[in-house]
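Within every chain, numbering begins at 1; the chains are lettered A, B, ... in the order of the sequence lines, protein sequences first and strands thereafter.
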There are 2 protein chains.
Amino acid sequence: MGKKVEKYVYFFGKGKAEGKGNDKDLLGGKGAGLAEMTNLGIRVPPGFTITTHACVEYVGLGKKFPEGMWEETLRHLAKLEKAMGKKFGDPAGPLLVSVRSGARVSMPGMMDSVLNVGLNDGTVQGLAVRSGNPRFAYDAYRRFITMFGSVVMGMERHDFEELLDEKKNELGVSLDTDLDGDALKGLVAKYKDLVRQRTGKSFPMDPLEQLRMSIEAVFESWDAPRAVTYRKIHGLPHNMGTAASVVAMVFGNMGETSGTGVAFTRDPSTGERRFFGECLMNAQGEDVVAGIRTPFPVLELEAKVPQAYRDLMDIYQKLELHYREMLDIEFTIEEGILYMLQTRTGKRTANAAVRIAVEMVDEGLIDRETAVMRVAPEQLDQILHPVIDPRSRIQVVAKGLPASPGAAVGRAVFTAEEAERLSREGERVVLVRAETSPEDIGGMHAAQGILTSRGGMTSHAAVVARGMGKPCVVGCSEIQVREKDRYFKAGDRAIREGDNIALNGSTGEVILGDVALIQPEMSAQFRTLMTWVDEFRRLRVRANADTPRDAQAAREFGAEGIGLCRTEHMFFEPERVKAVREMILADSTEGRKSALAKLLPMQRKDFLEIFKAMEGLPVTIRLLDPPLHEFLPHTDKEIEELSDEMGVPFDKLQAKNKSLFEFNPMLGHRGCRLGITYPEIYEMQVQAIFEAACELAKIKVHVLPEIMMPLVGYATELDFLKDRVDRVAGEVMAAHGVHVNYTVGTMIELPRAALAADQVARSAQFFSFGTNDLTQTALGLSRDDAGRFLPFYVEKGILPVDPFVTLDVDGVGELIRIGIAKGRGFRPDLKVGICGEHGGDPASVGFCHGIGMDYVSCSPFRVPIARLSAAQAAIRGKREEAAKGGKGKRK
Amino acid sequence: MGKKVEKYVYFFGKGKAEGKGNDKDLLGGKGAGLAEMTNLGIRVPPGFTITTHACVEYVGLGKKFPEGMWEETLRHLAKLEKAMGKKFGDPAGPLLVSVRSGARVSMPGMMDSVLNVGLNDGTVQGLAVRSGNPRFAYDAYRRFITMFGSVVMGMERHDFEELLDEKKNELGVSLDTDLDGDALKGLVAKYKDLVRQRTGKSFPMDPLEQLRMSIEAVFESWDAPRAVTYRKIHGLPHNMGTAASVVAMVFGNMGETSGTGVAFTRDPSTGERRFFGECLMNAQGEDVVAGIRTPFPVLELEAKVPQAYRDLMDIYQKLELHYREMLDIEFTIEEGILYMLQTRTGKRTANAAVRIAVEMVDEGLIDRETAVMRVAPEQLDQILHPVIDPRSRIQVVAKGLPASPGAAVGRAVFTAEEAERLSREGERVVLVRAETSPEDIGGMHAAQGILTSRGGMTSHAAVVARGMGKPCVVGCSEIQVREKDRYFKAGDRAIREGDNIALNGSTGEVILGDVALIQPEMSAQFRTLMTWVDEFRRLRVRANADTPRDAQAAREFGAEGIGLCRTEHMFFEPERVKAVREMILADSTEGRKSALAKLLPMQRKDFLEIFKAMEGLPVTIRLLDPPLHEFLPHTDKEIEELSDEMGVPFDKLQAKNKSLFEFNPMLGHRGCRLGITYPEIYEMQVQAIFEAACELAKIKVHVLPEIMMPLVGYATELDFLKDRVDRVAGEVMAAHGVHVNYTVGTMIELPRAALAADQVARSAQFFSFGTNDLTQTALGLSRDDAGRFLPFYVEKGILPVDPFVTLDVDGVGELIRIGIAKGRGFRPDLKVGICGEHGGDPASVGFCHGIGMDYVSCSPFRVPIARLSAAQAAIRGKREEAAKGGKGKRK
C-alpha cells in the first residue's frame, strides 16, 4: 500500500551472509555470530535470521507477524532448501531446521530453541531411510516432540521425561542412548498420545505449521516471566526483542562419531589461556546445557574425532584473533564433520575477566583502555567476595565441580521460593537443587550460593551463578537431593532445610555447619588493572566508613578519603547508648550536657583512631542524624527492662517515648533539626572532633576533618550551625595551641537544599549529595514501606529500575544538576560528592562523573567497583567527545 | 574618624518639620504623622524623632546608642526648649516630654510610651506653681512614676495600682479624679518607696537620665516577647526597628477643660462616614487606651470645649482629604486648646474597609484600583464570619460594647494560657477577661472571640480583636469577671470555665450556651468591590469542595469551578466506610470488586449532585488518595468493636492492620500507587463519575469533569492510569450513548513530578500543584511532626514564616517554576493551578499570579480572599511594569 516494506529476514550460507557481526541489535547475538562466521569462511550450517524488529512488531501487533514477514520467511526457506539440496517436509529425505532465539545480549537458558523442526510421521521415515539410522531418526523425533510440546505447546517437560524413564525401566537400561529405534518409536507414539491428552489437540503434522508456531514461540518467549526476571536482575531494557534464526539441522545424535559441545577460548573461571570446553557424543546440544548427562572435556575429542578436533582448534584461535575477545562457542559434529553453531563473547568470572583483559594487553591483542572497558564493574563484587578462613576447621561432606568461585555460608533451602522468602527476612541461604532451571532465577539471586547434584561447568546453574558472581558447586553426584522432603543426603548424613552449610565455589567443596569467611587476596593482574583504572579516571573515590577498622579496609581498597563517617553508629554501642538515653531523658540543657560529657571521651577516641587510619586523607564526619526515639526501646517489655536497668520509672520512659513519637520519622525531628534545637549535642561532637584532631596535629599527624551537617533544607540552618562549629573549633584549637585546617559543609538530601543551593553554599564549603534520603523525599517514597508496590512497579515497567539501587536520573539527578549549578554559581570552588548507596553503583557513578562531581563515596567493599566505573565513565566520555569530532577535552 | 555621621534625629515644630509623611520607614508611623501634620500647619506640640535606624543599630551594638546619637538628641532637646520657652529639668517651670515609640507599621499597645518625662521632686513643684494646679502636678508625677517604673524599670503596674486603690479606699472615693493634690503627693511618696523596695534603686531624679532610659526602653521594647509575638502573628519582619519621638508634653489632666481622646475619621466598625471617637476629661492618653475609665463619645466635646471641638472637626476633615484615607487620630486638649498628637491610617473591620473603599470611590477621593488595594485580603475572613442564626432561641445574659463584628461560640476560659492550651486540643474557646493586655495576644489569637468587662471601643481588647477579625464584646460592666476563680457572674448566674457561651460582636450580646451560627449576608458594597476585583484579576479562583453543599457555598462565594474534590471524604461516612473495610479485607481482586460495587451507587450520587451544583463549571475530581490503613481502626478496643460489627475475627483485622502498617505513611502506599496496584478502585470511581456525567448530559446539564491523579511521581504512572480512565470513560459513554468532554490531569505534589514535568505532561492535560504535600516532601518536613521544632525555627528566624501557611518561594516555589516551565514546554496549553491550602493565602496567591498559573483553588470560605489577592497581585504587577517604564503589558 505504498508503505516501504522492511527487510525482516537475512540469509547466511555457502560462505556468504547478508548480515555481519555488528548487527547484534538487528539479528541478535546468535544471528550476528552465525553471519560473521559464515563470512569468515567457517563451516556453519546455512539458514536465515528473522530480525528483532519483527519480534518487537509481533509483540506490538498483539502477537501477529508483521505484514510480509511470513512470505519473506518462506522465500528464504526455499533458498535454504536449494542450498541444502533437500525439501522441508519431503517424506523422502526432509530438510530439518532448528529455530533458535537470540537477543542482542545473550541470556543463557532464558530464551527457547526448538530443534528438529520439520519431522512428522512421514518425514521421520524418510530421515531413517536416508540416514540409514532409524534409531537416530526416532531419537530426533522424540526430542522434537518433547521440545515442541514443552516450548511451543506449553506442556511440562517432565511429563515427557517420565515416559522416557518408564521406557528405560521397562527395558532395564539406564541411559537414553541405550534405547534402540523401536523403543524410541514406541515412545514417540506415547508422546503423541500425551500431547493429545494434555492439550486436546493432535501434535501438528504440517512442517510449515511447526515452523510458524516455533517462530511465534521464540518471539513470545521474549515476554515470558523468567525472561523478564532475567532482564530485571541484569538491568536490561524490555523493548529490544529477540531475533529467530532458522538453521539447517546438523546432527550430533547420529552415533558415536557425532556429538555436540560448548567451549570457551579461555578458562572462564580463572581466565587462564587454555581452550576449555565440554562435549557429549551421540547427543544434541540441549543435553550439554541442561546438564542431564555429565559431559567430558573437549580435549578428549582428539581421540574420538581427530579431524573435527583439529578443525575446532584452528577455528577457535581464528575466532579469538578475529574478535580479540574470549569467546563462547557451540558446535556439532555430524559423523566426524565439525559445524559451528554459535560464537559469542564468553561469560566469565571477575577474576577471569581481569586476567584475560590484562593478558590480552600483554599479548598485544588490545590496549589498556580496552582492557579497562572489558571488566564489568558489577563483577568485581566477585573478586571481593569472602573466602573460607583457611584456619577454620571445616567438615567437608561432599565435593562437586567448582563452577563459580568464592565462598558462601547460609541455611540450606530446597526451593527458589523458600530462598526468596528467607532472604527477604534477612536470612542467608544456600540453594540446593538436583539441577536448576530458569524458573529458579529469583531464588538463585536471593541465595548466597548454589549447589546442584547434577550438571557440568556449563550447566544452567553454573552459567547463571557465574553471571551473578555467586559461589556455585555443580554436578555434585555424591549427594542425593530430595527437594520435596527438603533434605539432602551426603553419605549417610541428612542435611535438612535450615541447617547451616557452606560452599567453596573455587574447590567444589560442600561443608557442614557455619564457617568463618575472610576477605580474598587480590591477584597481581587485578592490581595491574586497577593501576590502569586509576590512570583513566577523573572522579575521586572515597568510602563510607564509621569505624577505624572500616577506615583501614577502605584505604586498602584504594579509598582516597572518607566521604561519610556516620557518628550515630558510635552511639549505639551498649555502654554509649546508656549515656545517650540519659541525655534524652534529661529535662534540661544542663542535664543533657552532663550526659553528653560522658560521651565526649568515647567520641574523641573514635575520631582519633579514624583520623590516624586516614592520615593525610580527608575525613567527612556527619554529625548526629537519626531521631532521638531511635535510641529508646519501644515495646513495653523492653521499656520495663530499661526501667530496671536505668532506675528510671517505667511511666517516665513510656511518656518520653510517647512524646517522641512521630507519624513520619523520615520527615521529622532529626538531622540538623536536632543540632539546632539541642545545640549541646553537636557542640559535644565538634569538641570531640577537634580535640582528637589537635592531639594528632601536635604529633604531626596530618588530619583533614570535614564537618558535615545532615538534613539541611534552609541556608539559615547551616549558617546557625557553622557559627557554632567555628566557635567550638576555635576554642579547642586555642586551648591546644595548634591550628587544624577544616571545612564545614552539608549533606544535600532534601529537594529544597538542592533548589536553594546558591543560598546554602554561602555557609558550605562542600556539598555531599545524600541520595538515599534525596530519593525518598524527591520521589515521596519511603524505602521502608515501598516494598508493597515497588517490585510491582519495576515488574510492570512503571519504574525502569529500583531507584534506591540506581540513581533516578530524571528526578533525583535533576536535583543534583540544579544543586551543583547553583552551588558552584555562588562558590566556584565548592567541592561536590555523593555519599548515598548510589556512590557504589556503576551506572550512578557514571552519572556522577558526567555531571562533574569531585568524588563518590561508597562502602569500602565497593570502592574498587566505583574506581573502575569512574574510569569507564571517563573513557566513554572521551570516546563520545572523539565521536563528536574531538572538540575540546574535559579537564 | 572620617566615617560619615548619619542623621539620627529629625525635628518638628513651629509649622515646619525636617521629616514628612512618607518617611514612615525612618521615623515610624507616629514620627512621620507628627512631621506631616506640622507641615500642614496643624497644631502639634513640637518635638523630635530619633530614627528606626538608631534603634536597629542600638540592638545590633548590644544595647548601645550609635555614636553621636545622644549628642544629637541633646542638641535637639535644646532646640525644643527654645521652641517651648522652657528648660528641661528647670525646677522653676520645667519642660516635660513624652517619649513615644512608633514602628513603620502601627502595632497598637505593643510598644511602650512614657509620658511626663522630666518630673522629679524639684520640677514637680515648679509645675505646680507655674500651672497653679498642684493636683495636676502630682497627678502627672504619680503617672510618670507608674509608667516609668513599669515600662523602664520592669516593675509590675498593678503594684502601683494597688497603692492607688488603697489610697482611694482610705479616702472613701471611687475615681482617680476624686483624689486631691495632697492625696496624690502622699501617693508619690509611697510610689518612690515601692520603687526602692522592688528594684533596690532610687527613682532617678536626673531628667536627662530619665530621658536616656526612656529612649532605651522604647528601643528595647522592639524585642519584647509580646512585640515579637505580634509581628509573628501579623507576618511582620523583625528587623525594621522602632523610632522614638520625644514630644513636648501638653496636658489633658489639667482639669475639666482639659482632656484627651482618640478618634477615627469614619466609623471603624461599620465604615459609616461619621466622625467617631472617644474622650476622657482631666485625663492623659493612656487612660483612654487602657480602658480603665469608660470614655464618652467625641461628639459630646462640643458642649464641653466648643472651640477645641470645632478645631477638631476642621482638622479631621483636612487630614482625611489630605491622606485620602480613613484616619485614626489622637489629641489632647490642654485648658480648652486642641493639640494633635498622632495621625495614622485607621484600623478597621473588613466591612468598614470595604464600605470606606467603595464610598471613597463614590466621593471621588480615590479610584477603583486604589479601592481594591485598600482592603487587606486577610481581613475578608471577618466578612465571611458566621453570625448567630436569628431563628435560634438565645438567652442573652449581658450586653457590652460591640467592639468587633461577627459571632463566636466556645467554652469560656479566663486566661490566655488556657485559651491556647484548649485551642491546641481542638476546642473552641471564648476568652473572658476584666480587660486584656498585650500579654494576652496569644490567647486572643487562639480564641474564637473575646469578652471584657471593662474598656471602650478603642481599648486594647477592641483594637486587637478587630485587627484579628475576631468577634469581640468589651466594656460589659454587667458582668463580674473572677479570673482567678475561673468564673464570671452575669446577674446572679455564675458561668464557669468550660461552660459554653456565645458572643455577638455586632450587637454586644453575651449569650449563654451553644447556639447555631450561619453565614452572613454580604453587603452591597462588598458585592460592588468584588465586581471591581474581578475586573482587575487575571487568575481564576476555584474552590476545594467535597460535598454538594460545599460546592453550592463555593459558587456563592464566586468560585469559578472546583479545583479539588477529594473523593476519600466520601468514603468516611459510616455506611460507606463499612464497604471500604470489606474491600480492604478482601483477599482477591474479585472480593475487592464486589465491595466496590456497593460503593458505586453512592459515589455516583455524590458526583451527580456536585456536577449539578457546578453546572457549566469545571469540577476537578481527585481519585482516592489516603493509604488504606486510614480506613481501619487502630486500637485493640476499636478493632474489637469492628470485629463484632463486621463479624470478622479480631485476629484477621489485627493482622490486616499490621500488614498495612507503614513507617512513613506520608511516603507510602497511597495516591496513584493504590490506583495502580488495585486498578479496580479507580475504575469504580471513574465509572461513577462518568455514569453521573452521562446521566446529566442526557438532560442537557453541562458538566466538565476533570479527573485528577494524586501522588504521581513518574510519567509512566500517569500513562498507566490515563489509559484506564479513557477506557472506562469510553465504555460508560458508549453504554449511555452520549459524549462528555473531560480531561485527565495530575496533582504535582512530589518534587520528582515537577522536575520531570515535561514527561508527566505527555499524559496530563492539567497540573494542579498540591502544595501541602509538595511542601512536606520538598522540605522533608512532616506537618504532623514539625510542631516540635517549627515554632522554634520561626521564632529564631531560621524560617521566615510557617511554610505550610505561606508558600516557601525559594524551595517549593522553585519546583513550581520548574514544573510549569517544563510542563508547558511540552504542552503549551497545559492548564495549571494550585489546590494546596496556600491557594487561599494572599501572599501565595500573589506568587501564583506572578508565575502565570491559570487558577488557584482554596476553601469556599477563602474564595473572596483569593479573588481579592489575585486582583491586588495583578494591580501590583501592572504598577511594577509601569514603574519599569511600561515596557509591554502582561496579557
Can you list the residues that meet the side-chain hydrogen bond (donor to acceptor under 3.5 Å, both in side chains) rule with A/Glu749, with sequence neighbours excluded? none

Would you check if [X] and [Y] make a side-chain contact, meaning some heavy-atom pair closer than 4.5 Å?
| X | Y | result |
| --- | --- | --- |
| B/Tyr793 | A/Arg673 | yes |
| B/Asp808 | A/Tyr714 | yes |
| B/Phe792 | A/Ile676 | yes |
| B/Leu755 | A/Val812 | no |

Looking at [options], which has the largest count of heavy-atom pairs under 4.5 Å with chain A?
| options | value |
| --- | --- |
| B/Ile818, B/Ile798, B/Leu674 | B/Ile798 |
| B/Arg783, B/His669, B/Gln759 | B/His669 |
| B/Ala786, B/Ser659, B/Gly713, B/Ala754 | B/Ser659 |
| B/Gly811, B/Gly780, B/Ala756, B/Gly668 | B/Gly780 |
| B/Asp773, B/Leu711, B/Leu815, B/Leu790 | B/Leu815 |

Return the minimal non-hydrogen interatomic distance between [X] and [Y], and the atom names on each side.
| X | Y | result |
| --- | --- | --- |
| B/Pro751 | A/Pro751 | CG-CG, 3.7 Å |
| A/Asn664 | B/Asp785 | N-OD2, 2.8 Å |
| A/Leu779 | B/Leu750 | O-CD1, 3.4 Å |

Could you look at A/Pro803 and say if it's the side chain, the backbone, both or neither that has a heavy atom under 4.5 Å from chain B? side chain

Rounded to the nearest 0.5 Å, what separation is found between the CZ atom of A/Arg752 and the CD atom of B/Glu814?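 These two atoms lie 10.0 Å from each other.
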
For chain B, which candidate among A/Asp810, A/Leu660, A/Leu667, A/Asp758 shows the most heavy-atom pairs at distances under 4.5 Å? A/Leu667

Heavy-atom count around B/Phe663 CZ within 6.0 Å, excluding the residue itself: above 12?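 For B/Phe663, atom CZ is not crowded (no more than 12 foreign heavy atoms under 6.0 Å).
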
